[in-house]
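Scroll down for the structure; my scribbles are underneath it.
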2 protein chains.
Amino acid sequence: MLTERQLLILRAIIDDYIQTAQPVGSRTLSKRDDLSFSSATIRNDMADLEDLGLIEKPHTSAGRIPSEIGYRYYVDHLVETKIIDERETYHLGERLRASAQESEVLIRQAADLLSDLTNYTTVALGPNSQMNRLARIDLMPLDERRGVVLIVTDQGHVEHRTVVFESPMAPDLVEQTIRFLNDRLKGTPLGQLKFRIGEEVSNLRLAHQEQFEFMMQLIQSTVGVQHPASLYLGGKKNIFNQPEFQTLDTLRPFLEWIDEQERLTDWLESLPNREIYVSIGSENGIVALQNCSVITSDYTLDGQTFGTIAMIGPTRMDYRHGVQMMGQIIEALRRTKLEE
Amino acid sequence: MLTERQLLILRAIIDDYIQTAQPVGSRTLSKRDDLSFSSATIRNDMADLEDLGLIEKPHTSAGRIPSEIGYRYYVDHLVETKIIDERETYHLGERLRASAQESEVLIRQAADLLSDLTNYTTVALGPNSQMNRLARIDLMPLDERRGVVLIVTDQGHVEHRTVVFESPMAPDLVEQTIRFLNDRLKGTPLGQLKFRIGEEVSNLRLAHQEQFEFMMQLIQSTVGVQHPASLYLGGKKNIFNQPEFQTLDTLRPFLEWIDEQERLTDWLESLPNREIYVSIGSENGIVALQNCSVITSDYTLDGQTFGTIAMIGPTRMDYRHGVQMMGQIIEALRRTKLEE
DNA sequence: ATTAGCACTCATATTTACTGAGTGCTAATC
DNA sequence: GATTAGCACTCAGTAAATATGAGTGCTAAT
């Protein structure tokens, strides 16, 4: 169990290190106003903290830096979560609202905003359209053999794909098909669309059966394409200002990792479903993020569950401020109404 | 005027430097099979080439490196452009065709392919939709006050935007409006759409005039949004393997520049309209590309003018190979038919 | 015109010594 | 018993001192 003073010292070391990125020595600490002990006393406590694995030294004659365990302790015990500053939240809400009623634009803005506030990199995952329900499907002919399949969901999300038919489309057949699809499939979650179309088709015989089936098959293959959820990156540049990323060895893996959209999406989707979750250094299990910490949170927009937002900084990140800003942003998003 | 031998030496220096990224000395050159002169002779010629500004030395006791003027000379006189290897082009065409009939996917693939072939970074600008002509416009209601404006062009390109009305939409008014818009505007280039709608509206009075005008205004503001042409980046990672980008000072400006989508688009659009164009170092007038050269080309797809593709490498890039691959790719694209 | 020879230059690597911020331990002090 | 002063020790980082060697330009011989 930590004594009051040890706690004070641990906190001071981490706060100091977060600011300076330099190992913190006992003499530096003893000069602080809130630590009126001699450097020797502090050294003794530091030795204890090191025995507990909370801090460590890069080499014999250096000061101490927090270990991952130390950060963990700091985050769990010394950072107060979820203090919503009403005025601030309102202010952020205003900045978001100013932008758009289009949810995708809004998410992008939120990601940018969060990275501006913290100077870390942010990643936001938009809603997974697989959960959206079909509002309408349509096939717009471009010329006699090409057309665009349009799928609009209840959330205003649009997917489209160009299709090419073997032979010229018969206008009445197209109309018939589309009406049929709309009648039967309205309200179907996009994820089930492909399956449902197959189901419906087998239930039915029509006049131009052969052409009809071909068309259905085409549409079916089209809607089956898994469109990845939209992904937004904010403040990628910020990484360049972090002292721990001033060498290629550290910078390169990070940049390569963050540019890999697909992997990034998978990662965000695999995160535990919580309000605000902090994952420190090796905890997040990604080699490229060994020296990073991540603050993630699911967010809701206009009341509905929506997606995930993550903030990525060095392990030496300002957890207090980061957690607070993340809280404000998701609160601001929750309160944002999509319609004016 | 350069002597035969000087030409040989210049070529050798550049070829060598392109490979090794190290200054080339006279002794190294004299050991080459194609240069059977003593190092002293070569030194004399090198001095002449330096007087002409074609090569330079980083410092007194180093070998020579090509100057920008040297590269320019090399590109203009020593690189044979446009040698299409039929088999190779066919092969590339196959690799592209395998991917899709969707033009946007195809362009992305072409960018990736080109960067794979050369190990440089590529940027491809898709067609500017402003030139596309309206095939159909539609408004799909989501609920009584929200709807999605859909714009489909003759090229199968789709734009959409969610709009929110002040009051519930009257179905017949919507239908009337949309029919009106389609009748009058089919075939209008997207870029002129906003203006044309305003024009049409002022020509017309309708029953529910007030609501109608409001709706039109909304649609007008929607179609007026300048959607940037689609931009694809290939092989961004490749830069990490270039020896001249192993320090943050050189790497950072490049990465920051290449991540700025909007600026990148403007730049590509501003490039001179040619088949294959090489721009060396400071020639391209962009600070972040001081140490880079760019091979650009407009490309056509399925016969139609389409967009621009660019390949970015260090000034010390393999111009011969780069130009050749660029030629192959745009040729392969030209021959690609969009429909199966 | 070409080449051998040589003095000279200068980036780079290696060695060496020095500095100073930090530690751990011990003995004195509160 | 807890705190602190004192001191020997460690070690990264810097700076100066010293090779090393790849390259040059010039001159005189071929």
Side-chain angles (χ1 to χ4, degrees), chain A residues 1-10 12-14 16-17 19-32 34-67 70 243-244 246-247 249-250, chain B residues 1-10 12-14 16-17 19-32 34-67 70 243-244 246-247 249-250:
Chain A
M1 195 46 209
L2 295 181
T3 67
E4 195 68 25
R5 194 177 58 207
Q6 285 170 337
L7 226 84
L8 223 56
I9 291 174
L10 176 59
I13 290 175
I14 300 186
D16 200 287
Y17 186 67
Q19 283 242 322
T20 65
Q22 295 298 321
V24 188
S26 54
R27 230 175 81 82
T28 316
L29 286 176
S30 78
K31 271 184 277 187
R32 288 175 62 128
D34 55 339
L35 287 178
S36 51
F37 316 99
S38 82
S39 64
T41 310
I42 292 175
R43 273 202 293 284
N44 288 333
D45 278 337
M46 282 166 103
D48 292 348
L49 291 171
E50 187 171 2
D51 287 343
L52 291 168
L54 293 165
I55 56 180
E56 55 198 21
K57 39 187 174 182
H59 58 86
T60 337
S61 70
R64 301 303 211 290
I65 61 175
S67 69
E244 34 271 275
Q246 295 300 308
T247 68
D249 296 339
T250 49
Chain B
M1 197 47 210
L2 295 182
T3 67
E4 195 67 26
R5 194 177 57 208
Q6 285 170 338
L7 225 84
L8 223 56
I9 291 175
L10 176 60
I13 290 175
I14 299 185
D16 200 286
Y17 186 67
Q19 284 244 322
T20 65
Q22 294 299 322
V24 188
S26 54
R27 229 177 82 81
T28 316
L29 286 177
S30 78
K31 271 185 277 186
R32 287 176 62 127
D34 54 341
L35 289 177
S36 52
F37 317 98
S38 81
S39 63
T41 311
I42 292 176
R43 273 204 293 287
N44 289 332
D45 278 337
M46 282 167 103
D48 292 348
L49 289 172
E50 187 171 3
D51 287 343
L52 291 169
L54 293 166
I55 56 179
E56 55 198 20
K57 39 186 171 180
H59 59 85
T60 337
S61 70
R64 302 305 212 291
I65 61 175
S67 69
E244 34 272 275
Q246 295 301 308
T247 68
D249 296 340
T250 49

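In what follows, chains carry the letters A, B, and so on, assigned in the order in which the sequence lines appear, proteins first and then strands, with residues in each chain numbered from 1.
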Inset, instruction - Classify the side chain of A:R27 and the base of C:dG20 as holding, or not holding, a donor-acceptor pair under 3.5 Å. - result: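 When only heavy-atom distances are counted, A:R27 does not reach the base of C:dG20 through any donor-acceptor pair under 3.5 Å.
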Searching all strands shown, indicate the nucleotide that pairs with [N] (Watson-Crick or G-U wobble; both distances under 3.5 Å).
N: D:dA28; answer: C:dT3
N: D:dG1; answer: C:dC30
N: C:dA21; answer: D:dT10

Inset, instruction - Please work out if B:T60 contacts a base, only the sugar-phosphate, or nothing of the nucleic acid, heavy-atom cut-off 4.0 Å. - result: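 Sugar-phosphate, no base atom in range.
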Mind calculating the distance between [atom1] ([X]) and [atom2] ([N]) to the nearest angstrom?
X: A:N44; N: C:dT26; atom1: CG; atom2: P; value: 12 Å
X: B:I13; N: D:dT24; atom1: CD1; atom2: P; value: 9 Å
X: A:Y17; N: C:dG22; atom1: OH; atom2: P; value: 14 Å
X: A:I55; N: C:dT23; atom1: CD1; atom2: P; value: 9 Å
X: A:D45; N: C:dC25; atom1: CG; atom2: P; value: 15 Å
X: B:I42; N: D:dT24; atom1: CD1; atom2: C1'; value: 14 Å
X: B:D48; N: C:dT2; atom1: CG; atom2: C1'; value: 14 Å
X: A:I65; N: C:dT23; atom1: CD1; atom2: P; value: 13 Å

Indicate whether OP1 or OP2 belonging to [N] is found under 4.0 Å from a side-chain N or O atom of [X].
X: B:R5; N: C:dA1; value: no
X: B:R43; N: C:dT2; value: no
X: A:S26; N: C:dT23; value: yes
X: A:S61; N: D:dC11; value: no
X: A:K57; N: C:dG24; value: yes
X: B:T41; N: C:dT3; value: yes

Separation between [atom1] of [X] and [atom2] of [Y], rounded to the nearest 0.5 Å:
X: B:T28; Y: B:Q22; atom1: OG1; atom2: CD; answer: 10.5 Å
X: B:T250; Y: B:E244; atom1: OG1; atom2: CD; answer: 8.5 Å
X: A:I65; Y: A:T20; atom1: CD1; atom2: OG1; answer: 11.0 Å

Legend entry - 5′-ward residue of the pair B:P58/B:F37 relative to DNA chain C: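 Per heavy-atom nearest nucleotide, the more 5' residue is B:F37.
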Inset, instruction - Map A:E50 and B:H59 onto DNA chain C by nearest heavy atom, then report which one ends up closer to the 5' terminus. - result: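 Counting from the 5' end, the first nearest nucleotide belongs to B:H59.
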Inset, instruction - Go through the steps for A:R64 and A:L49 under the test side-chain contact (heavy atoms from CB on, under 4.5 Å), then give the verdict. - result: CA-CA 10 Å; A:R64 301 303 211 290; A:L49 291 171; over 6 Å; no
Legend entry - Backbone N/O of B:G53 and side chain of B:S67: donor-acceptor pair under 3.5 Å: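 Indeed, once roles are kept as given, a pair shorter than 3.5 Å links the two residues.
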Legend entry - Closest heavy-atom pair and its distance - B:I13, B:V24: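 Where B:I13 meets B:V24 most closely, the heavy atoms are O-CG2, 3.7 Å.
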Legend entry - Nearest-nucleotide 5' precedence on DNA chain D, B:A40 against B:A62: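 Closer to the 5' end of DNA chain D: B:A62.
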